[in-house]
Amino acid sequence: MQVDILSSLTETQREAVTHIDGPLLMLAGPGSGKTRVVTHRIAYMLTQGINARNILALTFTNKAAEEMKLRIDRLVPGQRLWMGTFHSFCARLLRQYGNLVGLADNFSILDTKDSKKAIQTAIDEARLDLSHASLDTIIWEISNAKSNLRTSEEYERESGSKFSGVSEITRQVYPVYEKFLLRSNAVDFDDLLLHVAVMLRDHPELRHDLDQRYKYIMVDEYQDTNLAQYAIVRALSLSDQNLSVTGDPDQSIYAWRGASISNILEFEKDYPEARVVRLEQNYRSSKRILNAADLLISNNKQRKQKVLFTENDEGEPVKLVCFPHPNDEADAIAARIASEVQRGKRSLRDYAIFYRVNAFSRPLEHALMKQGIPYQVVRGLEFFQRKEVKDLLSYLQLINNPANDVAFYRVVNLPARGIGKKSLEHVINHAQRYQLTMLEACREAGLIEALSKRAATAINKFVTLVDVLTASIHQPISELLVMVVDESGYGDFVDAQDAKADEDRRGNVDELINAAREFEREMEESSLESFLEHVALVSDADGMDADPDRVTLMTMHAAKGLEFPSVFVVGIEHGILPHERSLEDPAAEEEERRLLFVGITRAEQQLQLSYCQRRTFRGQTRIASPSQFLYELPREEMECQIPTGGLSAIGLGSLAGLGSEYELEPDFHDDGHADFVEDQSQEHMQLPPEPGTSLPAGLEEITTQLQTASQLAGTAQSKLAPSAYQTGMLVSHAEYGSGVILAITGKGPKRTATVRFMDQEERKFRLAFAPLTRVDHADDEQSQAFTQD
DNA sequence: TATTATCCAATTTTT
DNA sequence: TTGGATAATA
């Protein structure tokens, strides 16, 4: 057995696998067989007599957990160890010890939508004024605080001195939201981690017990842990420092969600005893693909140097292609897939198409459909997000946890049963006055004077409905669901809608009931509570590995951890990848580069990168320019189908010092783009970029010059980086016309310009957001002539 | 109170 | 272009 486990490994891999005691850091490049090492390591531990119940393996996705469980079971069958996501592990702990942080064991887990509702409700109840901050910003701020282990009190204390609109308002919203959650006996995703971290911090005995229990801890994708996760792991590995973490700093693509890459970068500082093992040999990609990835990522400053190598073949050249428009891009890809599959070269499941934003799937889907090519779009949560499903689940939530006000609000008048806004307001007042949950308050509907007879009756009926359903709480979930559908009138409601609008919502209802049946069959413990936890923490994308023979479409984020023989990455354009919202911040920009790195390293044999010259987005067609990342690739060994003059005809190529190397290849006209060279040169020479399409710093100036020269119109304008605006500069605003900058104050996103316009009015603008464009020797009428499409 | 109109904003999203 | 969230109306 033991021999089996070790014999198939390389020297380095074996080193990692056999290191059991003491901290271990595994730096695993893409395709380096990391999962293999991790699973073999656990298997090895088990054969060494370590008790499975002392092992805790934490992953980020259910998929990863499932995969590993399966593989371990193949090596060492029948062992039961805890392998799961951080969130499900925390949920389990909280079911047991949640009372320490004020949670009853039937607490609800709110998904992002629910928590948004909850925040909104909390804001309304407290009658807070959001003033200038948007709800989304506040949600983000709270989530961030939680990920960084800052409870509402701590947030209040620490941001007290800061003068910022967002933290100002968040300071008020955060505690109100927290109270709302506790009152509702509910947690959001971030809370799962935060509560556990706080619990471990404040209860040393419990921490100690759990530390003893989980003697061997393993964390996958450690580069994606946030501070809360870090603290949890740390707290559980104090007495026994048998902590092994795996990850790759170059694949950290979730910093925007609070992951702190420093956790992995500084592991050796945290655990000076740590053994470090580097898995650098790649078993996945061809030499050329790996080389492209390596060269790209070497442009990042924030990283651990690492040598990637492979003994795989040289492989086909990586392709870099420019298309006139996303429709052409999509058509060409579909055509190539169709022809290769037809020739029997590959099957559909070998192909994946990656993009930066979900919206880009559209032209691709269109083209694939036209060609009759089966495909699947991987989108995180589809099914459980649908209205009908959420509605019914809310009934279940309310039955399971009567304090769950979010669920209450969702279903109280669904289908309509005469409990309107006015009536609810009265109930809310009552609830607030006597510190009741909404359902409790409803039970006292008769006592609320402001309520009309009719409203009170309706409310009483609703309460009875909930009570009747609650009586069946121990029935199998599918049966309970059927009861909900029938008794609540929701079924009829949906049927009526379907009949009217020719939809199939009923189908979704049935699908949910099926999902419940499935759950009952598969899980040994199928309580209502566990079902609700399951649907909250397990997205349906996890289950879709059924491996049908289809082309796969997904974002690069979703692609992490996967591999495909042939990969297309589309829309590698400036402002898309890197995304425009990452342009101001070098760290964010490096993350975008890592994202492309992840995309590229998914490919085994074929890789095609592409960008377009124009892109229709949100109904508007705009000029697009190639991403700066494309200049960082090993052009010499790639096959480029790009227009004369470089990556873009404007001359950006020469700026990057690559100039003539980027000439159009002779075979370029092959697939029906014959007219496209002239086409683009015209476009680029005559149209200035849209005001909204900012170019990379530096490039921008050149473009401006070229346009100016070619047009002799004497006018050019462009949106600048906030730092580029200066006092005295002439600017233009779509609404107010042109003006002059009188003063500039503030820093970063708060950098603000005071502008005096022609009408003598002075207005202030945040430069990061302001629709201001710089005007070069031109008056406002001329400059506006170019802002139209 | 329920449907319809209008306006607004818009990455990525393991859980 | 699209979805979601208010506002206006029957």
Side-chain angles (χ1 to χ4, degrees), chain A residues 58-66 84-91 109-117 120 134-137 139-140 143 146-147 187-193 220-221 223-226 228-229 251-259 354-360 362-363 378-381 384-385 387 413-424 454-455 458 493 497 500-501 533-539 541-542 554-562 571 575-583 588 591-592 594-596 598-599 615-621 692 769:
Chain A
L58 297 169
T59 63
F60 278 80
T61 65
N62 296 292
K63 209 158 109 197
E66 288 307 313
T85 63
F86 267 100
H87 288 82
S88 60
F89 173 66
C90 290
I109 300 169
L110 306 186
D111 66 19
T112 18
K113 273 186 167 168
D114 292 335
S115 92
K116 186 173 185 174
K117 278 253 169 59
Q120 183 67 65
S134 78
L135 184 58
D136 286 327
T137 318
I139 291 171
W140 191 87
S143 171
K146 287 183 176 179
S147 309
V187 298
D188 62 23
F189 287 140
D190 300 314
D191 280 338
L192 286 170
L193 307 173
D220 193 26
E221 307 281 14
Q223 77 280 354
D224 287 334
T225 48
N226 61 29
Q229 288 159 328
Q251 292 184 66
S252 152
I253 53 177
Y254 285 104
W256 57 273
R257 264 184 108 267
F354 303 150
Y355 32 79
R356 174 66 230 267
V357 293
N358 281 122
F360 283 15
R362 180 155 294 209
V378 177
R379 247 182 307 245
L381 347 105
F384 291 112
Q385 291 283 43
K387 188 179 179 310
N413 201 30
L414 200 96
R417 43 174 78 88
I419 307 175
K421 211 173 170 180
K422 282 266 169 56
S423 315
L424 272 182
R454 209 171 56 171
F493 170 72
Q497 294 238 314
K500 200 163 56 174
E533 181 170 314
H534 179 82
V535 299
L537 297 180
V538 177
S539 72
D542 295 325
M554 63 179 125
T555 63
M556 270 173 277
H557 282 94
K560 196 168 75 165
L562 305 176
I576 304 292
L577 182 68
H579 195 273
E580 54 186 342
R581 309 220 331 202
S582 308
L583 291 177
E591 178 150 314
E592 299 278 313
R594 289 194 293 267
L595 191 54
L596 182 56
V598 167
R615 181 161 295 270
T616 308
F617 193 43
R618 290 180 199 150
Q620 295 227 298
T621 302
F769 313 105

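Throughout, protein chains are lettered first and strands after them, A, B, ... in sequence-line order, and every chain is numbered starting at 1.
B:dT14 atom P lies 12 Å from atom CG of A:Asp111, rounded to whole Å. Regarding A:Phe493, its CZ atom lies at a distance of 10 Å from the P atom of B:dA2, rounded to whole Å. Nucleotide B:dT14 holds its P atom 10 Å from the NZ atom of A:Lys63, rounded to whole Å. Taking atom CG on A:Leu110 and atom C1' on B:dT15, their separation rounds to 13 Å, with Å as the unit. Counting to the nearest Å, the P atom of B:dT14 and the CD atom of A:Gln251 are 17 Å from each other. Rounded to an integer number of Å, the gap from A:Asn62 CG to B:dT14 P is 10 Å. The NE2-C1' distance, from A:His87 to B:dT15, rounds to 4 Å in whole Å. For A:Met556 and B:dT14, the CE to P distance is 16 Å, given to the nearest whole Å.
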Anything under 3.5 Å between a protein N or O and an N or O of nucleotides 5-11 of chain B, put it in a table, one pair a line.
unit_1: B:dT11; atom_1: OP1; unit_2: A:Arg618; atom_2: NH2; d: 3.3
unit_1: B:dT11; atom_1: O4'; unit_2: A:His579; atom_2: NE2; d: 3.1
unit_1: B:dT11; atom_1: O2; unit_2: A:Arg356; atom_2: NH1; d: 3.0
unit_1: B:dT11; atom_1: O2; unit_2: A:Arg356; atom_2: NH2; d: 2.4

Polar-atom pairs under 3.5 Å, protein N or O versus N or O of nucleotides 2-5 of chain C: list them with distances, or write none.
unit_1: C:dT2; atom_1: OP1; unit_2: A:Arg362; atom_2: NH1; d: 2.7

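Contacts of A:Lys560 with the nucleic acid, taken as non-hydrogen atoms under 4.0 Å apart, are absent. Note on A:Gly418: only backbone sugar-phosphate atoms sit closer than 4.0 angstrom, heavy atoms only; bases stay farther off. Residue contacts shown for A:Ala64 are absent, as no nucleic acid heavy atom lies under 4.0 Å away. Within the 4.0 angstrom heavy-atom criterion, no nucleotide atom of any strand lies near A:Thr225.
Screening A:Lys560, A:Gln251, A:Gln229 against A:Asp224 for a side chain to side chain donor-acceptor pair (under 3.5 Å) leaves a single residue, A:Lys560.
In this view, A:Asp191 and A:Lys146 satisfy the side-chain hydrogen bond (donor to acceptor under 3.5 Å, both in side chains) rule, not counting sequence neighbours. Among residues two or more places apart in sequence or in another chain, the salt bridge (charged side-chain N to carboxylate O under 4.0 Å, His left out) test is passed with A:Lys422 by none. Residues forming a side-chain hydrogen bond (donor to acceptor under 3.5 Å, both in side chains) with A:Glu66 (at least two apart in sequence, or on another chain): none. Under the rule for a salt bridge (charged side-chain N to carboxylate O under 4.0 Å, His left out), the partners of A:Arg615 that lie at least two apart in sequence or sit in another chain are A:Glu329, A:Glu573.
Interatomic distance, A:Glu592 CD to A:Leu583 CG, rounded to the nearest 0.5 Å: 8.0 Å.
The residue among A:Asn413 and A:Trp140 whose nearest nucleotide of DNA chain B is located toward the 5' end is A:Asn413. Comparing A:Thr85 and A:Ala455 against DNA chain B, the residue whose closest nucleotide sits nearer the 5' end is A:Ala455.
Of the candidate nucleotides B:dT15, B:dA2, B:dT14, B:dT14 has the atom lying nearest to any side-chain atom of A:Tyr254. For A:Ala558, taking side-chain heavy atoms from C-beta onward, the closest of the listed nucleotides B:dT1, B:dT13, B:dT15 is B:dT13.
A:His87 is listed as a side-chain neighbour of A:Leu193, based on a closest heavy-atom distance under 4.5 Å. The closest side-chain heavy-atom distance from A:Thr225 to A:Phe86 is below 4.5 Å. The side-chain heavy atoms of A:Asn226 and A:Asp190, taken from C-beta on, include no pair separated by under 4.5 Å.
For CZ of A:Arg362, the number of neighbouring non-hydrogen atoms (other residues, nucleotides, ligands) closer than 6.0 Å is 12 at most.
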